[in-house]
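This report concerns only the one structure given below.
Numbers restart at 1 for each chain; the letters A, B, ... are given by sequence-line order, proteins then strands.
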There are 2 protein chains.
Amino acid sequence: MIAGMVERGESRRAGARERARAEVMAQIMAAGRRELAEHGADGLSLRAVAREIGMVSSAVYRYVAGRDELLTLLIIESYDAVGAAAERASARGGSAAERFVAIASAVREWGREHPHEYALLYGSPVPGYRAPDDTIASGTRVPAAMIRLLIEEYAAGRLSVPVAEDAPPVGAALSAQCGTVREFFGADLPDELVLLGIGAWTQVYGLISFELFGQLHNTFEPADDLMEHQFATVASRVGI
Amino acid sequence: MIAGMVERGESRRAGARERARAEVMAQIMAAGRRELAEHGADGLSLRAVAREIGMVSSAVYRYVAGRDELLTLLIIESYDAVGAAAERASARGGSAAERFVAIASAVREWGREHPHEYALLYGSPVPGYRAPDDTIASGTRVPAAMIRLLIEEYAAGRLSVPVAEDAPPVGAALSAQCGTVREFFGADLPDELVLLGIGAWTQVYGLISFELFGQLHNTFEPADDLMEHQFATVASRVGI
DNA sequence: CGACGTCGAGAGCAGCGCTCCGGATTGCGA
DNA sequence: TCGCAATCCGGAGCGCTGCTCTCGACGTCG
């Protein structure tokens, strides 16, 4: 048996057992992904996952601590998926404004293709469930792509700090919080531009969420034109 | 018995039975509100509601068709509550900018006090649950308060249509959708200002949701300063 | 006063998350 | 190579959920 495995090139050091375990784990994740996509976070049933991969429910607990942990794993996976989509969109090039719109559109597109996952990431947090810190690293990829855009433009001198006299002042506490963001990126970006970026991201998020959560029903639906217009407006407001 | 009721001024036409029914219904709603506030939408259990009012679960079905209907009733109630809060804030007077910030702050405050209700209204829609049209009337009260502000300012001639040459054009389809909004209010408001209002509301919603849904964790928390700054920024951007 | 309609209680079904236990299988070291 | 120990899977079971059905009791109205 072991000889056969070695013959097939399966490293004995890797451990056939670990391989099997990894495979089952992958099956669980895949089934969980399917269940999540079809029935949503609330409908994600560990028993259904077990059924789908031909296991009894208690066996799944050997791999996953519980429903919440499976949900967390899927959240991280989804954060990375939408983050990667945003980064790909940004990397496609073009003017800064075009890249910003591309990022926003990519997030929207991903959300339309994975509404349940989007809801899991950006909708109301599942009650009784506190997102562990593991997720925040993956969760910042989308806004990071936007901020990075501003950083690049600012570094290239193509972005000027808005000096509107009626702009609200930035207090010390708020400035310190902006510093946290700046520190995270290890780059220079004035408070005003950090806040401009936050405002842009929150508006994009608000627009996409309104569409996906059905708040635009009976008014701006289909929302393609609205999104295109608003994304462009935000981009021009940012000054890129 | 009936005589006694009549003596106490209880109209016989109203029916003692109907009175009792209304009272039980009120108890169900109150218990549902408590459960919702404490355990969230997912934790809202019809059995727990029944238990709380000293009934067996099946009896509750005489009053409510099911869990979804109870949720819908609570949604409408909550929409009206936050809508009323926004309208009160707007009615407190002040400059247009002050009133706008007051509306946004009122919504934020309401959300902080009723996080589960806010999530139910503006978070991911409960899977498998389609919001009936009953809710949309109540659901538009908050954005309506904001749009109404713009309408008043525009009617008073204190608001000019932004004519930035780099502003994205408004296509025919989008303009028609803006017309729907205009028609709803029965007032005059250029497309550009409608879209400006939509943008303002989506950004305010995005900001509040980010705070309440924990997306600002480890960065802009506490978020009071950020909110104050961003709300003011949005107000000044709208031109009020 | 009687019949009808309403109401609450109870039992029951299927599903859920999760735990515990027993038997089978696997892998590693003696 | 053999045996022990770790690992793993299946089954049973607990308490919870939403929802349905039936039955007895009661109020309401003709």
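A donor-acceptor contact under 3.5 Å links the side chain of S58(A) to the base of dG11(D). No donor-acceptor contact under 3.5 Å links the side chain of R17(B) to the base of dT28(D).
Ranking dC18(C), dT22(D), dC9(D) by closeness to the A59(A) side chain, first place goes to dC9(D). Distance from the side chain of Y63(A) is smallest to dC9(D) among dC9(D), dT19(C), dG8(C).
Taking atom CG of residue D42(A) and atom P of nucleotide dG15(C), one finds them 18 Å apart after rounding to whole Å. Rounded to whole Å, the distance from CE on M55(B) to P on dG10(C) is 13 Å. Straight-line distance from the CZ atom of R62(B) to the P atom of dG10(C): 14 Å, rounded to whole Å. Spacing between atom CD of E23(A) and atom C1' of dC9(D) amounts to 16 Å, rounded to whole angstrom units. Atom OH in Y61(A) sits about 6 Å away from atom P in dG17(C), given to the nearest Å.
A donor-acceptor contact shorter than 3.5 Å links the side chain of Q215(A) to the backbone of L121(B). At least one donor-acceptor pair under 3.5 Å links the side chain of R67(A) to the backbone N or O of L44(A).
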Atom pairs, N/O to N/O, protein against nucleotides 15-17 of chain D, distance under 3.5 Å?
residue: dT17(D); atom: OP1; partner: S45(B); partner atom: OG; Å: 3.2
residue: dT17(D); atom: OP1; partner: R51(B); partner atom: NH2; Å: 3.3
residue: dT17(D); atom: OP2; partner: R51(B); partner atom: NH2; Å: 2.7

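When each of V60(A) and S57(A) is assigned the nucleotide of DNA chain D with its nearest heavy atom, V60(A) is the one assigned upstream, toward the 5' end.
Residues passing the ring pair (Phe, Tyr, Trp, His ring centres under 6.0 Å) test with H229(B), sequence neighbours excluded: none. Under the side chain to side chain donor-acceptor pair (under 3.5 Å) criterion, T202(B) pairs with no residue, sequence neighbours left out. The ring pair (Phe, Tyr, Trp, His ring centres under 6.0 Å) check on Y205(A) picks up Y122(A), F210(B), with sequence neighbours excluded.
Between R21(B) and dT6(C), a side-chain N or O to OP1/OP2 separation shorter than 4.0 Å is absent.
For residues 45-55 of chain A, the pairs satisfying salt bridge (charged side-chain N to carboxylate O under 4.0 Å, His left out) are R34(A)-E52(A), with sequence neighbours left out.
Each end of the helix from dC1(C)-dG30(D) to dA30(C)-dT1(D) yields a helix axis from five base pairs, and these two axes differ in direction by 10° (to the nearest 10 degrees).
When the shell of 6.0 Å around CD of E38(A) is examined, it contains 12 or fewer heavy atoms from other residues, nucleotides or ligands.
Between the side chains of S124(B) and S124(A), at least one donor-acceptor pair of N or O atoms lies under 3.5 Å.
Cation-pi geometry between R21(B) and Y63(B) is satisfied (NZ or CZ under 6.0 Å from the ring centre, within 45° of the ring normal).
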